[in-house]
Amino acid sequence: MLIRPAHEDDAGKACEVLRRSIVELCEADHHGDPDILMRWLANNTIGNVAAWIRDPDHRIFVADDGGRILAVGGIKTSGEITLNYVSPDARFRGVSRAMMARLEETAAADGHDDTFLTSTQTARRFYLSIGYRPAGEPQRKLGTDASYPMRKQLPAGA
């Protein structure tokens, strides 16, 4: 598996990973509610993913396993991690951990001392396990019960 910058021609496969991850893995957040799913999936289109890939203020990465996309990650030049979604077929194989390492390396290379994100209920325990800490009160987003602002101090010289 190689974590590499996404190319615009990855948009279709990347979008499929995003959508499957939300629908199949984030049950604790959407509870199968079609209204929540519709709102959450609305911006996860091939066109939007392609636009994120082209956006100079947003870096999109994919975990590529011989042409098969296992995960999609994204970070803005501000240090905000915006995407970390894994294919249901690749869950619990270390793919998200590897993606987060790449995103954090990117933040450090951009001169950031820390990075931040908003976690789903589903991913919150994972982020806590890799050193992220609460950074504010939970928020309601897209009709979900709670989204959790989190922040991580990056190692010096990372």
Side-chain angles (χ1 to χ4, degrees), residues 1-26 29-30 36-132 135 139 141-142 144 147-155 158:
M1 175 191 72
L2 170 69
I3 297 185
R4 62 169 175 78
H7 307 290
E8 202 166 339
D9 59 351
D10 294 320
K13 289 179 183 178
C15 183
E16 180 182 345
V17 167
L18 292 170
R19 295 176 73 83
R20 282 192 64 210
S21 182
I22 291 165
V23 171
E24 297 177 38
L25 301 180
C26 295
D29 297 281
H30 61 66
I36 294 172
L37 278 168
M38 182 181 69
R39 281 181 264 173
W40 199 346
L41 295 171
N43 76 329
N44 290 285
T45 65
I46 294 170
N48 281 347
V49 173
W52 299 335
I53 292 168
R54 289 190 307 268
D55 182 350
D57 291 325
H58 209 161
R59 305 224 192 62
I60 306 297
F61 295 92
V62 294
D64 184 333
D65 187 21
R68 190 167 156 243
I69 303 299
L70 302 180
V72 181
I75 186 167
K76 290 185 175 181
T77 55
S78 66
E80 178 186 10
I81 293 174
T82 58
L83 299 169
N84 181 32
Y85 288 92
V86 65
S87 169
D89 304 323
R91 194 171 189 202
F92 301 120
R93 292 183 19 203
V95 179
S96 285
R97 190 172 296 272
M99 180 63 74
M100 288 301 294
R102 179 63 182 266
L103 297 172
E104 291 168 6
E105 289 167 9
T106 301
D110 285 346
H112 296 287
D113 296 327
D114 67 356
T115 188
F116 58 101
L117 54 83
T118 301
S119 176
T120 60
Q121 178 65 35
T122 300
R124 187 169 181 255
R125 187 171 60 209
F126 166 72
Y127 290 127
L128 289 169
S129 78
I130 62 169
Y132 283 79
Q139 309 162 3
K141 287 180 117 179
L142 305 170
T144 62
S147 296
Y148 301 89
M150 304 183 87
R151 187 171 287 277
K152 180 179 180 179
Q153 189 71 34
L154 298 173

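Since we're looking at a predicted model, the values are computed, not measured.
Judged as a side-chain contact (heavy atoms from CB on, under 4.5 Å), and not counting sequence neighbours, the contacts of Cys15 are Arg19, Ile46, Val49. For Lys13, the salt bridge (charged side-chain N to carboxylate O under 4.0 Å, His left out) test picks out no residue, with sequence neighbours left out. For Arg124, the side chain to side chain donor-acceptor pair (under 3.5 Å) test picks out no residue, with sequence neighbours left out. Qualifying salt bridge (charged side-chain N to carboxylate O under 4.0 Å, His left out) partners for Glu16, counting only residues two or more places apart in sequence or in other chains: none. Residues satisfying the salt bridge (charged side-chain N to carboxylate O under 4.0 Å, His left out) test with Asp110, not counting sequence neighbours, are Arg59. Listed by chain and number, the residues in a side-chain contact (heavy atoms from CB on, under 4.5 Å) with Arg4 are Leu2, His7, Asp10, Val62, Asp64, Ile69 (sequence neighbours excluded). Applying the side chain to side chain donor-acceptor pair (under 3.5 Å) rule to Asn43 yields no partners; only residues at least two apart in sequence or on another chain are considered. Arg102 is linked by a salt bridge (charged side-chain N to carboxylate O under 4.0 Å, His left out) to nothing, counting only residues two or more places apart in sequence or in another chain.
Side-chain atoms of Thr115 do not come within 3.5 Å of backbone N or O of Lys152 as any donor-acceptor pair. Looking only at distances, a side-chain donor or acceptor of Asp29 sits under 3.5 Å from a matching main-chain atom of Thr122.
Leu41 places none of its side-chain heavy atoms less than 4.5 Å from the side chain of His30. For the pair Glu104/Ile75, no side-chain contact is recorded, criterion being any heavy-atom separation below 4.5 Å from C-beta on.
Taken from CD1 in Ile60 to CG in Asp55, the straight-line distance is 8.0 Å, to the nearest 0.5 Å. Asp65 CG to Ile3 CD1: the interatomic distance, rounded to the nearest 0.5 Å, is 11.0 Å. Here the straight-line distance linking atom CZ of Arg125 with atom CG of Leu128 works out to 9.5 Å at 0.5 Å rounding. A distance of 11.0 Å separates CE in Met150 from CD1 in Ile81, rounded to the nearest 0.5 Å. The distance from the CG atom of Asn44 to the CG atom of Leu18 is 5.0 Å, given to the nearest 0.5 Å. With rounding to the nearest 0.5 angstrom, the CE atom of Met100 is 4.0 Å from the CD1 atom of Ile130.
Sorted by first then second residue, the side chain to side chain donor-acceptor pair (under 3.5 Å) pairs that include residues 66-81, not counting sequence neighbours, number zero. Pairs passing the ring-ring contact (aromatic ring centres under 6.0 Å, His included) check and including a residue from residues 93-130, sequence neighbours excluded, read Tyr127-Tyr132.
In this structure, Ala107 and Leu154 approach most closely via the heavy-atom pair CB-CD1, 3.9 Å. Among all heavy-atom pairs drawn from Leu103 and Gly73, the shortest one is CD2-C, 4.0 Å. A pairwise comparison of heavy atoms in Cys26 and Trp40 identifies CB-CH2, 3.5 Å as the closest pair. Smallest separation of non-hydrogen atoms from Ser21 and Pro88: N-CD, 4.2 Å.
Results of the side chain to side chain contact (heavy atoms under 4.5 Å, CB included) test with Val17 over Leu83, Ile22, Val72 single out Val72 as the only residue that passes.
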In a table with atom names and distances, give each donor-acceptor pair under 3.5 Å that connects a side chain of residues 89-98 to protein atoms at least two apart or in another chain.
residue: Asp89; atom: OD1; partner: Arg20; partner atom: NH2; Å: 3.4
residue: Asp89; atom: OD2; partner: Arg20; partner atom: NH1; Å: 2.9
residue: Arg93; atom: NH1; partner: Asp89; partner atom: O; Å: 3.3

